[in-house]
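These values consider heavy atoms only, across backbone and side chains, with no hydrogens, waters or symmetry-generated copies. To find a chain, count down the sequence lines: A is the first, B the second, and so on, and within it residues start at 1.
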Amino acid sequence: MANAPERYNPREQEPFWQKVWAEKKTFETSNDDSRPPYYVLEMFPYPSGRIHMGHVRNYTMGDVVARFQRAKGRNVLHPMGWDAFGMPAENAAMANKVHPREWTYENIAAMRKQLQSMGFSLDWSREFATCDEEYYHQQQNLFLDMLDAGLVTRKTSKVNWDPVDHTVLANEQVIDGRGWRSGALVEQRELTQWFFKISDFAEDLLDAIDRLDNWPDKVRLMQRNWIGRSDGLRILFEIAGEGAPEKTIEIFTTRPDTLFGASFVALSPDHPLAAELARGDAELAEFIAECHRMGTSAEAIETAEKRGYRTALKVRHPLIEGATLPVYVANFVLMDYGTGAIFGCPAHDQRDLDFARKYDLPVIPVVLPADADPKVFAIDAEAYTGAGMAFNSGFLDGMEIDAAKEAMAAYLEQRIVDGHPQASRQVNYRLRDWGISRQRYWGCPIPVIHCDTCGIVPVPRDQLPVRLPEDVEFDTPGNPLDRHQGFKHVPCPTCGSAARRETDTMDTFVDSSWYFVRFTAPRAETPTIPEVADRWLPVDQYIGGVEHAILHLLYSRFFARAMSRTGHMHVDEPFKGLFTQGMVTHETYRDASGDWVAPTDIEFDTIDGHRVARALGSGDPIEIGSVEKMSKSKRNVVDPDDMIATYGADTARWFMLSDSPPERDVQWTESGIEGAWRFVQRIYKLVGEATSVLASDPVMLETDDSRTVDMLRAAHRITAHIDADLAGLRFNRAVAQIYELANAIQKFIPVVAAAPSLDSINALRSAIERLIQFIAPMMPHLAETCWKQLGHTTMACDTPWPEADPAYLAEDVVVLAVQVNGKRRGEIEMPKDAPSDQVETAALSLEAVARILDGKAPRKVIVVPNRIVNVVG
RNA sequence: GCGGGCGUGGUGGAAUUGGUAGACACACAGGACUUAAAAUCCUGAGGAGGUAUCUCCGUGCGGGUUCGAUUCCCGCCGCCCGCACCA
């Protein structure tokens, strides 16, 4: 290339190629395509107004996967959309008097432009926002289908109320007793709410985790714990004496083996029996009221001591003739787990022990640790919860815990109390139904009508969608829909009398629980086209932040099941492969007064090998602080737009993929981005040099220079590595391999230039073309520019992925390390697969080995073929 | 408290099933080019000692298994994450 410019200019090249891809519809995906499908998806963004570095990292990874799979011959679906309902739009409406719709769509337009400037291979023809009428219309259809299928329920229960956002939160959305979004301390309120019956699927959601073998173990474990299966026993305790409102109390336990150590029974303050007893006991009523005031925030729970109120009731011990146990109402017993009642065995449960010490109840050890002496074994301040053998326990004595549990269950199941078996096996889950009612405007309206005569009436399908009204006020807190007379007051669809429209909207997590299905047929007039959904799903590779390990991923797994049950598709697990990427971090800086300072306001220097920072302009000293997740409050945010303007998208993409393993946090550094920039320029220069050498006339046909074969060997070896690394999402390792290839080519170019042969020119062409193809998924614009310069008229992104030729991978000579007593003392070069005795002889003949052996014969020689020899002296 | 993960040069990080620790990059130092700087290119480098060949020590700490341990086992120390009155 005669007039090739010195430097690569991304400001010219990037928009150019983006325009070409858009015009050629390069990345638009057809549902009818004979190539095998591959669905790669990154978690779609909330349209906050600007993309951040976390988006850049997330979508760059997804784009590498998409472009790689595309080059490997797959029909790739790689869509993008917007998780567009939610509170921030309403907050903006309140603060700036702008309608949430307007605010949201403006943000989407701005962010779409930013994403497009990154050059992602997205199919923009499938784009939608969850606040699009089309989308929430279909979501209302789904809701009604789920209602018909019995997957939706309405119940009155205690709910988490966020006093700042004026709305209800699901359990999953309460973090450390605070609203996940507002951060406000959550209150408990009694409300009637809509629920999805996710707990119906608890068993299946749990079992199927075992088969999600392309998910991180960490996420699988978190989901397992969240579902929280525990196997236990419900046991009936007979109430002793007369005058009690009931004959029995049913408790739940996972430790029936410790029943002989029971010393009390405790009821939840919300237990119906407790309420009944309180009617005749003012003091108990006061105690229960006090418990309710206590709140259930994490802080309240942690600081609350175990407290109980001793009722007049006693129950008979199920096994010990004549023995009775006192019945307490205790503040630590939860009504919505198990039966709301427990038996306490203080010796083997810390909480029960604390309670027993406080109220001076007996502590009877019934599990003996392996080495303990039964005569002296006693419980002091710590309960024994480990393994051991039952003792003090009648027919259980001598059994290990598991056997004792089983024996107790089998025994009690046979006994009849009050007409029922005394015990029944019970599986309990921590997972609760998913409350989806939100008292907000900017969400998907729940399509039902409340009629005093007909009850709950679904909005007829031909009247869908229930549209969000435009004319709403955000001046007062609370739900604008509830104040909107035209929206709220409607005739009953069944009887025609005056009725009330449901004014709650759905939790925005509903929107994100099926968007990945909708992408397969985004304009369908039904929620899905089942055969199309079945073809694409499950998503082959889903990529996003680990913060969604429970909420979003569990809800989506539930939705896939619900949608399968209602016939919208036939795939139970939505995401075959899951990858959770790390965060983007940056150093933090503070000035003398302790205020955070933005990196753009600082200049850096190196003094005595130490980095020092000064404020731009004033020159005041700045303290370099810890590396933290980029956040506005710490002012350590770097704007992707600035990076793209300065270095271009490819440089930002390359930096995001280099060095740090994708699942770990990556630290954004100025030197790192500079390094990426230099590599972009280096590749460009290398291609320029290679191009001129490739154009030279070969002076001979073949070459006897071994460096040509070495070049090909390296190129093919690296091809194999990169292939495996990209398939396994080990981008940082692929990057290292690409550097090696670039280094090898750089050394090879002068070799070819000095003595161009047909052989060496072909080897160089093969190597440099591979290099460009390897960088193509990572730096697509640079790759296209280079590809063109290498004389191609087709695009790099349309070129099949290069293969590694096994002939070049096979080594005929290997270097084996030689150890003496496990210490490396030298190496030998041997033909591949040389017989062990030859290897041994060669190793022993090494001077260093002979010197250390000092004439003595080795005791043993271990030969690991083609790897290592260890001489044991 | 329960559960899980991590700990390797100045830095980010490599290292198949236990088999040559430190690939690749960043930063650094020296050199070349330049009036000079930037850019670029070349060279060096885990630590200690030695002119060099070389020797010793080295993957948080202490043990163990093994011909051989960053990798497996046991016990500590430190950091990070998740759950948290779930009976």
Side-chain angles (χ1 to χ4, degrees), chain A residues 6-7 175-177 216-226 228-230 232-233 251-255 258 266 268 296 298 300-302 304-306 330-334 336-345 348-352 354-355 385 428-432 546-547 549-550 606 609-611 655 658-661 664-667 669-676 678-679 681-682 685 724 730 732-743 746 815-827 848 858-873:
Chain A
E6 266 301 299
R7 283 161 82 83
I175 293 142
D176 293 337
D217 288 342
K218 179 189 167 138
V219 174
R220 296 204 287 172
L221 187 72
M222 281 164 72
Q223 292 225 345
R224 249 182 229 119
N225 291 341
W226 188 266
R229 178 186 165 119
S230 52
L233 210 57
I251 63 89
F252 177 74
T253 181
T254 55
R255 291 296 302 273
T258 63
S268 163
T296 52
I301 287 162
E302 227 162 88
E305 52 176 336
K306 311 282 171 268
N331 63 349
F332 62 88
V333 183
L334 305 173
D336 55 0
Y337 189 81
T339 61
I342 61 158
F343 83 77
C345 175
H348 304 291
D349 182 292
Q350 191 58 45
R351 198 187 34 201
D352 294 349
D354 295 344
F355 192 80
T385 54
N428 248 301
Y429 297 94
R430 217 186 73 108
L431 182 69
R432 308 293 149 78
V546 73
E547 66 272 20
I550 297 171
T606 308
H610 293 281
R611 274 173 76 236
F655 175 78
S658 309
D659 292 348
S660 282
R664 275 194 235 170
D665 291 352
V666 63
Q667 188 189 342
T669 61
E670 194 63 26
S671 57
I673 192 79
E674 292 276 356
R678 277 202 299 273
F679 186 65
Q681 295 301 340
R682 198 178 141 207
K685 216 178 116 190
R730 296 181 293 263
N732 57 319
R733 298 210 317 206
V735 164
Q737 292 293 325
I738 288 171
Y739 273 110
E740 290 208 24
L741 183 56
N743 292 346
Q746 195 162 345
V815 177
L816 289 89
V818 178
Q819 299 180 330
V820 179
N821 295 327
K823 247 185 219 311
R824 187 178 177 281
R825 295 295 173 182
E827 55 187 38
R859 273 198 293 145
K860 195 159 46 154
V861 179
I862 290 151
V863 177
V864 182
N866 302 323
R867 273 183 184 273
I868 204 166
V869 186
N870 192 7
V871 180
V872 186

With a 4.0 Å cutoff (strictly under), does any side-chain N or O of K860(A) reach OP1 or OP2 of U66(B)? no
With heavy atoms under 4.0 Å as the rule, sort R229(A) into base, sugar-phosphate or nothing. nothing
Is R678(A) touching bases, backbone alone, or none of the nucleic acid, heavy atoms closer than 4.0 Å? sugar-phosphate
Any side-chain N or O of R867(A) under 4.0 Å from OP1/OP2 of U17(B)? no
Using a heavy-atom cut-off of 4.0 Å across all strands, would you classify V666(A) as base, sugar-phosphate, or nothing? nothing
For S658(A), report the nucleic acid contact type (base, sugar-phosphate, nothing); a contact means any heavy atom under 4.0 Å. nothing
Which part of the nucleic acid, if any, lies within reach of N732(A) when heavy atoms closer than 4.0 Å are counted: base, sugar-phosphate only, or nothing? sugar-phosphate
G4(B) phosphate, OP1 or OP2, under 4.0 Å from N225(A) side-chain N/O: no
Gap in Å between the two C1' atoms, one belonging to G50(B) and one to C56(B), rounded: 12 Å
So what does N743(A) hit on the nucleic acid, given a heavy-atom distance under 4.0 Å: a base, only sugar-phosphate, or nothing? sugar-phosphate
Starting from the 5' end of RNA chain B, give me the residue, Y337(A) or K218(A), whose nearest nucleotide shows up first. K218(A)
N or O in side chain of T254(A) less than 4.0 angstrom from C86(B) OP1/OP2: no
Please classify the nucleic acid contact of D349(A) as base, sugar-phosphate, or nothing, using heavy-atom distances under 4.0 Å. nothing
Look at all strands and tell whether V333(A) reaches a base, only sugar-phosphate, or nothing, counting heavy atoms closer than 4.0 Å. base
Regarding F252(A), tell me which of base, sugar-phosphate or nothing describes its non-hydrogen contacts under 4.0 Å with the strands shown. base
Counting any heavy atom closer than 4.0 Å, what does E547(A) reach on the DNA or RNA strands: base, sugar-phosphate only, or nothing? nothing
